[in-house]
Amino acid sequence: MKVVALSILAAAAALAIGLGWSWTITPIVFGLTYAIAALGVSVMARAGQVSFGHAMYACISAYTVAFLARAMPQADALLLILAGVAASFAAALVVGSFVVRYRGIFFGMLNLALSMVLFALLGKLYTITGGSDGLRIVRPTLAGFALERADFERGLLLLTLLLSLLLAWWVQRYFRSGSGQALAAIKTNETRIEYLGFSAYAIMWKGYLLSAVVVGVSGALLALMQGLVTPDIGSWLRSGEFVFITILGGAGHAAGPFLGAAAFETVKLASGAYFPGLWQFVLGLTLILVIFLFPTGFVGQIVKRLGARRPRDKRLDQPQRRSVQA
């Protein structure tokens, strides 16, 4: 309950900051889309599988939004998001059917290879995709309302915050479910899972589908916020940033990617402002420090501290209980 309360409080604070200082809306929404994408990547990280190509699902969703917005100018933003997520899910059905058969570096590199094929196609098919120039999206209605740019961004901020809370709750509930526990067990002993009568292939495929859907939501939101879709959304660098955020925050809890995204955006903005020529170096140094100091990410460190405090609190409570009984 404390985590839920803190999450709602953090979302309310982000909303207040965005409404109070309009220039912060764009970095907040961008940071949340990165967090949502990293949340999807963390699903597979629970099974010990790191994908270096999951940005392709954000890209598929974003281009679906762009194509549908051009074909149906009257389409609402909510419909565009649903269409983008559906496209990511359909792509994951096909790709996941054979990708989840692999483990370790083979899993990560195969996802990377597929994402690079998509990236190359989007850049070459200029007449369809606009090439590296991308496709512009005319601002759609939001929940049936035709809004000006400033109001549209505020509405998109609220929508992104609500979706972030919903997806974090959904993924955390999955982590605690039987399927989520089985997915985590694949990391430790996949053979034992098979001996118990479970299909590791089916467990991985379900997790992969969930992962792609969550990443697809981030791509649709990013496309609407930018108003422009380019192949860079699906580049290997973008996938690397998702993995970077996942490592920063930790994959032990759904809150990890959001903590990682907050740290990532803060370091990125600060280093870009004060060290414009060295911001990549600062990001890399930050990741190295986190790996050495917090191997399980921010969430892992928080859980460790809380776990160490609880036994001590119980020991402190024992004399009090004895004195009451006496």
Side-chain angles (χ1 to χ4, degrees), residues 3 6-7 10-11 13-14 17 24 26-55 57-58 105 107-108 111-112 115 160-161 163-165 167-168 171-172 175 184 187 207 211 214-215 217-219 221-222 233 235-275 278-307:
V3 175
L6 289 174
S7 300
I17 293 172
T24 63
T26 298
I28 290 175
V29 173
F30 281 2
L32 287 172
T33 59
Y34 274 73
I36 293 172
L39 181 64
V41 173
S42 70
V43 173
M44 299 311 301
R46 291 275 292 187
Q49 310 304 316
V50 179
S51 171
F52 295 102
H54 252 50
Y57 293 112
I105 191 64
F107 176 85
N111 278 283
L112 174 61
S115 70
T160 305
L161 287 169
L163 287 175
S164 297
L165 291 174
L167 291 172
V171 170
Q172 184 60 26
F175 285 165
K187 179 180 180 180
S211 178
V214 174
V215 177
V217 173
S218 73
L221 291 172
L222 181 63
I233 296 176
S235 68
W236 67 272
L237 288 174
R238 188 64 58 90
S239 294
E241 288 176 340
F242 296 161
V243 175
F244 186 105
I245 293 171
T246 302
I247 295 174
L248 277 179
H253 193 280
F258 293 91
L259 294 176
F264 176 81
E265 286 296 320
T266 300
V267 173
K268 187 176 180 180
L269 290 174
S271 59
Y274 295 102
F275 310 101
L278 297 172
W279 68 270
Q280 295 96 335
F281 171 79
V282 176
L283 276 176
L285 182 61
T286 301
L287 180 59
I288 293 173
L289 291 175
V290 168
I291 291 175
F292 276 104
L293 298 177
F294 314 116
T296 55
F298 296 141
V299 162
Q301 189 66 18
I302 293 172
V303 171
K304 182 179 179 181
R305 293 290 179 87
L306 292 177

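Contact detail for Gly31 and Ala261: the closest heavy-atom pair is O-CB, 3.6 Å. Ser211 and Val43 make their closest contact through CB-CB, 4.2 Å (heavy atoms, listed as atom of the first residue, atom of the second, distance). The shortest non-hydrogen separation linking Gly40 to Val214 is N-CG1, 3.6 Å. Residues Ile245 and Ala38 approach most closely at CG2-CB, 3.6 Å, considering heavy atoms. Nearest heavy-atom pair across Thr266 and Ala262 is OG1-O, 2.7 Å.
A donor-acceptor distance shorter than 3.5 angstrom exists from the side chain of Thr246 to the backbone of Phe242, with no hydrogens or angles considered.
Note that OG of Ser235 is 7.5 Å distant from CD of Glu241, once rounded to the nearest 0.5 Å. Atoms CE and OG, from Met44 and Ser51 in turn, are 8.0 Å apart once rounded to the nearest 0.5 Å. Put simply, CG on Leu167 and CD1 on Ile36 are 5.5 Å apart, with the number rounded to the nearest 0.5 Å. Here the straight-line distance linking atom CD1 of Ile28 with atom CG of Leu161 works out to 7.5 Å at 0.5 Å rounding. For the atom pair CG (Leu222) and CG (Leu32), the distance works out to 11.5 Å, reported to the nearest 0.5 Å. Rounded to the nearest 0.5 Å, atoms CG (Leu112) and CD1 (Ile105) are 9.0 Å apart.
Checked against ring-ring contact (aromatic ring centres under 6.0 Å, His included), Phe258 has no partners two or more places apart in sequence or in another chain.
Two residues are said to be in side-chain contact when any heavy atoms from C-beta on lie closer than 4.5 Å; Phe52 and Asn111 fail this criterion. Between Val29 and Leu221 the shortest side-chain heavy-atom distance does not fall below 4.5 Å.
Taking the six-membered ring for Trp and thresholds of 30 and 60 degrees, Phe264 and Tyr34 have nearly parallel ring planes, at less than 30 degrees apart.
Residue pairs meeting the salt bridge (charged side-chain N to carboxylate O under 4.0 Å, His left out) criterion with at least one member in residues 31-51: none, sequence neighbours excluded.
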